[in-house]
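In what follows, every heavy atom counts, from backbone to side chain, and hydrogens, waters and symmetry copies are set aside.
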There are 4 protein chains.
Amino acid sequence: MARTVNAQARQEKRDLIIQTAVTVFPEHGFSGTTFALLAKKIGISPATILLYFESKEELFRCTVIEPLERFREPFLAFSTYEGTPLEKILAMIDWHVQMVASTSSYLRLVQYVLGQHQRFPQEAEALYHFAEESMNRLTSVIEDGQAAGQLQKLDAREVAWGYICFIQGVGLVNTDEATSPIWDSMRRVGIHMFAPVPVTNP
Amino acid sequence: MARTVNAQARQEKRDLIIQTAVTVFPEHGFSGTTFALLAKKIGISPATILLYFESKEELFRCTVIEPLERFREPFLAFSTYEGTPLEKILAMIDWHVQMVASTSSYLRLVQYVLGQHQRFPQEAEALYHFAEESMNRLTSVIEDGQAAGQLQKLDAREVAWGYICFIQGVGLVNTDEATSPIWDSMRRVGIHMFAPVPVTNP
Amino acid sequence: MARTVNAQARQEKRDLIIQTAVTVFPEHGFSGTTFALLAKKIGISPATILLYFESKEELFRCTVIEPLERFREPFLAFSTYEGTPLEKILAMIDWHVQMVASTSSYLRLVQYVLGQHQRFPQEAEALYHFAEESMNRLTSVIEDGQAAGQLQKLDAREVAWGYICFIQGVGLVNTDEATSPIWDSMRRVGIHMFAPVPVTNP
Amino acid sequence: MARTVNAQARQEKRDLIIQTAVTVFPEHGFSGTTFALLAKKIGISPATILLYFESKEELFRCTVIEPLERFREPFLAFSTYEGTPLEKILAMIDWHVQMVASTSSYLRLVQYVLGQHQRFPQEAEALYHFAEESMNRLTSVIEDGQAAGQLQKLDAREVAWGYICFIQGVGLVNTDEATSPIWDSMRRVGIHMFAPVPVTNP
DNA sequence: TATGAATGAGTTTTCATTCAT
DNA sequence: CATGAATGAAAACTCATTCAT
């Protein structure tokens, strides 16, 4: 029992560290992020962090890989939404743009790792794996939409991968407030990428 | 005359340092890039770099901003190509994808700076300025294409900005060889973003 | 309680560093005094010194200013001695010469700072302040001695300031052993500066 | 002939360097004085200085020792003045105080070396030698004054040495403008050290 | 002769990491 | 479990000195 309590408390503090690291790493870079800075933000001692992670490298690895699990679900939730394929896609774009617009720290961390994939090959690998999974799921939905006549018949995989690149690019290039009209524009551009069949009024 | 020789030699070595820094900074990050590492790659002493740049910060700034001038021309050349607006756009996409596929170091540096724009505000500002210039030029071409009936009438600015995000995202997410078929896919997706009017066979 | 122990240990080590710095700075100068040298003399690592002082400048400032407090008391004790004004002055000279002859490191540090007052204005300011305080106290005693008929009526402030210059000069110019007869000479010269009324044998 | 011209030009530039070094060394200390700083003040290149002095140490040595020759003459000129011994002494004090009050750079360099005599033993030795010579000459004048009944019969060597300490201390401790009344005070105190026989009005 | 360019040795300073408490 | 103290390794940067021109 005590063990359970301890283990839980330990896990919670571990999560707290990772949560802070997710915001700090992309802002200061790997080398620019010091244990002192992290510890100060958390309100603990630098040495304490090393009770939870063997080294800075391990902390970084965990900071990239572990939240991926929790990030995956909302990011990929579109494939289980209720509704037609086009509705799924519209909801997905809404959600993705919203994530990007709120400058999700984790998304910025993803960009940081991808941008330096040679430096962080292991972490980048995990992210590429996730990107491919996203593409696969999205491809299915697109194919469904094409079969249902909601989307024009472009190459579904190409469109899916292109969209994934696009949404990352949107996150990278835009720094506006969440309320900026830019996000609506990006939404519309995103929708267009899937080539929805124009609605005809009979 | 001696002055000219000296000044020229000096400029050449300065350029060599920047050229090396362009490849090293995005690969190792700002803090991870040491004078020792740079100097070794160039084949000079670390102290020598300090003869050409006052500090690491200045070196970084120059590494981001100075090549931008030379980068600008080919990147924006599309607006002066011969041909119809659609031909300009197709050529531009070809060229951009080619740049991305050859993993232009400078493009990766751009991503690095944009991804940490809070950390490098001055450098990011210069890049945003460039992005806006690109968008403006591209917007003109799109409007021309729409007027000529080659492109469907989407919001030209939105499309232009969306494309710029997309091409950055393509560079960020893809790490394949230059010969990979992925680049052809990205080309096609890029073209679709501009909504070319389908050619009808009578 | 643990706090007390820690704080005390910390203060003790801090004092040890300052104590060493008091001897090393005047011997090697500011720039010539390296953390490595100091650390070696103390038997710790150079980095450790930086745990107690933020920078070399701060260490120097503390090394000059903090011991001044402890130095002040014995240096100015003469004004509270028992005895006639002349006896006070004689005792003071005895004591001052003794301090100088034992080459008090702190006195040499004082000389170092005064000699480069433009370079160390803050530290020099503190020392000038102390010198003025010394002069004021000494002036009082001289005036008492003149009123008591023990000293001839010279300008008391002039004599006091002159003596302070003299005793500093004695410390600066003489490097002899503490046992050298030179110190007796300096004592006699010092006494003469106060113009004691000759004792007449009736 | 050409040789003579060159040799003379060489000597002149050498003197210029030393002259600058005399002001810079006591202000910045030995380690704090860089070739770059000196060169900038002179208007030449740092490397040029090393054409005239083998090393920084040698430059310092020459900067201390060589001007001593030129400094000696005015400093010791009192012994050849016209007039009675007391007049000589009064003139000497005038002159010395004036030198000190004009913050003669060389005097400050002397203080710098004396204060760190352990660090600069060779240079300090030369200065001690000069101090002794000064004392000897001054002792003669004092003895003459005493024989002439102008000075009371104190130990002449003691008085001479005490005065030398005093004048150094005056230079060390005072930083006032040359026009400050402090210098008149110091003059009077200096005179008193020689114990002139009071002039009686019959 | 004079100097700009280059650098190796050394300096301050930072920081991940260890360890005793 | 948590942390303050300590430090070795390495960083940016400085500077006396050398050398080719």
Spacing of [X] atom [atom1] relative to [N] atom [atom2], expressed in whole Å:
{"X": "A:Q8", "N": "F:dC1", "atom1": "CD", "atom2": "C1'", "answer": "17 Å"}
{"X": "C:K56", "N": "E:dT12", "atom1": "NZ", "atom2": "P", "answer": "4 Å"}
{"X": "D:Q11", "N": "E:dT1", "atom1": "CD", "atom2": "P", "answer": "14 Å"}
{"X": "A:F35", "N": "F:dG4", "atom1": "CZ", "atom2": "P", "answer": "16 Å"}
{"X": "D:F25", "N": "F:dA16", "atom1": "CZ", "atom2": "C1'", "answer": "12 Å"}
{"X": "B:I49", "N": "F:dT14", "atom1": "CD1", "atom2": "P", "answer": "14 Å"}
{"X": "D:L37", "N": "F:dT14", "atom1": "CG", "atom2": "C1'", "answer": "14 Å"}
{"X": "C:F60", "N": "E:dT12", "atom1": "CZ", "atom2": "P", "answer": "14 Å"}

5' precedence on DNA chain E between B:P46 and D:Y52 (nearest-nucleotide basis):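 Per heavy-atom nearest nucleotide, the more 5' residue is D:Y52.
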Residue mapping more 5' on DNA chain E - nearest nucleotide basis, B:I44 or C:E57: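 Going by which nucleotide is closer to the 5' end, it is B:I44.
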Taking the six-membered ring for Trp, is the centroid-to-centroid distance between B:Y112 and B:F25 below 6.0 Å? no
Paired with F:dA5 by Watson-Crick or G-U wobble geometry, both distances under 3.5 Å: which nucleotide is it?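 By the stated definition (distances under 3.5 Å), E:dT18 pairs with F:dA5.
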Students often get this wrong, so: under 4.0 angstrom with heavy atoms, is [X] touching a base, only sugar-phosphate, or nothing?
{"X": "A:T48", "answer": "base"}
{"X": "C:S31", "answer": "nothing"}
{"X": "C:F53", "answer": "nothing"}
{"X": "D:L51", "answer": "base"}

Identify which nucleotide among [options] has an atom closest to any side-chain atom of [X], counting heavy atoms from C-beta outward.
{"X": "A:L50", "options": "F:dT17, E:dT14, E:dT18", "answer": "E:dT18"}
{"X": "B:S55", "options": "F:dG4, F:dC13, F:dT7", "answer": "F:dC13"}
{"X": "B:A47", "options": "F:dG8, F:dT14, F:dA12", "answer": "F:dT14"}

Is C:R10 close enough to F:dG4 that one of its side-chain N or O atoms is under 4.0 Å from OP1 or OP2 there? no
Between D:K13 and E:dT1, is there a side-chain N or O to OP1/OP2 distance below 4.0 Å? no
Return yes if some donor-acceptor pair links the side-chain N/O of [X] with the main-chain N/O of [Y] below 3.5 Å, else return no.
{"X": "A:Y106", "Y": "A:T23", "result": "no"}
{"X": "A:R61", "Y": "A:E123", "result": "no"}
{"X": "D:R119", "Y": "C:E27", "result": "no"}
{"X": "A:E66", "Y": "A:I18", "result": "no"}

Say you draw a straight line from CD1 of D:I17 to CD1 of D:I42; how long is it, rounded to the nearest 0.5 Å? 5.0 Å
Nearest heavy atom decides the nucleotide; on that basis, is D:F30 or B:T34 closer to the 5' end of DNA chain F? B:T34
